[in-house]
Amino acid sequence: MSDARRLIQPRRRDENLGPHLAELPDELPAQTEAEVQLAAVGLWKRYHKGRVDIPVLRGVDLEVRRGEFVSIIGQSGSGKSTLLHLLGMLDVPDEGEIAFRGQRIDNLPMRKRDALRNHEFGMIFQFYHLLPELTALENVLSPLLIAESVLGYVRHRKQHVARATELLEMVGLGHRIKHRPGELSGGEMQRAAIARALASEPEVLLADEPTGNLDSSTGEEILRILRTLNGEHNLTIVMVTHDLAIAAQADRRLRLAGGQMELA
Ligand code: ADP
Ligand code: MG
């Protein structure tokens, strides 16, 4: 097994669990490929502007199988980020349900949602959202610090640093680990953000316009990394974008329009 592969192998459920995850609803059985990993049924989301109700999602259905790379294309304002936030449990739907590996997750108490997100979901964004005061290495370490108690983090710090360094090497940033975001190019910042998203060994990567702020050749490099993570490491990826050429590189393409999901 290559180092890179070991890095993002899903953990067995009984090892290395953070202090919170043991409290998740039930034991999750090992999941085979082609099983539905992430599902949304009838998602509605409205925002309120003054007294006006603006429905953004109007009954969105989605099924993502383990190891799939799905792209969702949609115009600006079509609700792509809203949908990803719901899938990543950063927000809750007004109606509908979301299930991860067959278990409903949208109605979990906040603490359990946080724990599940921290352990099973990685997220990357158009503007990277790196912490500007931290080096690339420290940015990649940050989710591990959040997931563990301070004491646990200190105890495992050596392993964490080794792992974060390997992840940065895997995305081609081994020579930039001490650089702060302000000293990195856009493509390098997105690579660092990808390494950070992988730090907790997630099963699913949610990518919100990951190439939206990059020139096309740099965007291609980011896509190449995502395809490698998906193809060689079986990471499930849901990517939203308004860019047809980028969306076309996924295995399956969907379109969000009029608040509903269509085939693209
Ligand atoms: P996309 O990511 O496809 O560009 P978004 O999901 O960000 O679209 O937004 C969809 C629509 O919802 C837009 O019209 C946006 O203005 C509106 N919207 C998003 N977030 C909020 C919010 N927190 N409050 C009010 N309106 C919002
Ligand atoms: Mg958006």
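First listed ligand is number 1; within each ligand, the first listed atom is number 1.
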Any ion pair linking E68 and R66 (charged N to carboxylate O, less than 4.0 Å)? no

Result, protein N, O or S atoms below 2.8 Å from the Mg ion (ligand 2), excl. waters, equals 1

Determine, stepwise, if the pair E221 / Q190 fulfils side chain to side chain donor-acceptor pair (under 3.5 Å). CA-CA 10 Å; E221 285 168 24; Q190 194 60 293; over 6 Å; no

Is it true that S217 and D215 share a donor-acceptor pair across their side chains at a distance under 3.5 Å?
yes

Between ligand 1 and the protein, find all N/O pairs closer than 3.5 Å and give the distance for each.
unit_1, atom_1, unit_2, atom_2, d
ligand 1, 2 (O), S81, N, 2.9
ligand 1, 2 (O), S81, OG, 2.9
ligand 1, 3 (O), S78, N, 3.2
ligand 1, 3 (O), S78, OG, 3.4
ligand 1, 3 (O), G79, N, 3.0
ligand 1, 3 (O), K80, N, 2.9
ligand 1, 3 (O), K80, NZ, 2.8
ligand 1, 4 (O), G77, N, 2.7
ligand 1, 6 (O), T82, N, 2.9
ligand 1, 6 (O), T82, OG1, 2.5
ligand 1, 8 (O), G79, N, 3.2

Do H156 and E148 meet the criterion of a side-chain donor-acceptor pair at a distance under 3.5 Å?
yes

Note: R117-D114 ion pair, threshold 4.0 Å (strictly below):
yes

* Hey, is CD on Q75 packed in by over 12 heavy atoms from elsewhere, all under 6.0 Å? -> no

Residue pair H85 / D91, side-chain donor-acceptor N/O under 3.5 Å:
no

- Message: Does atom CZ (R252) have a neighbourhood of more than 12 heavy atoms from anything else shown, all under 6.0 Å?
- Response: yes

Answer yes or no: is there an ion pair linking E97 with R104, defined by an N-O contact shorter than 4.0 Å? yes

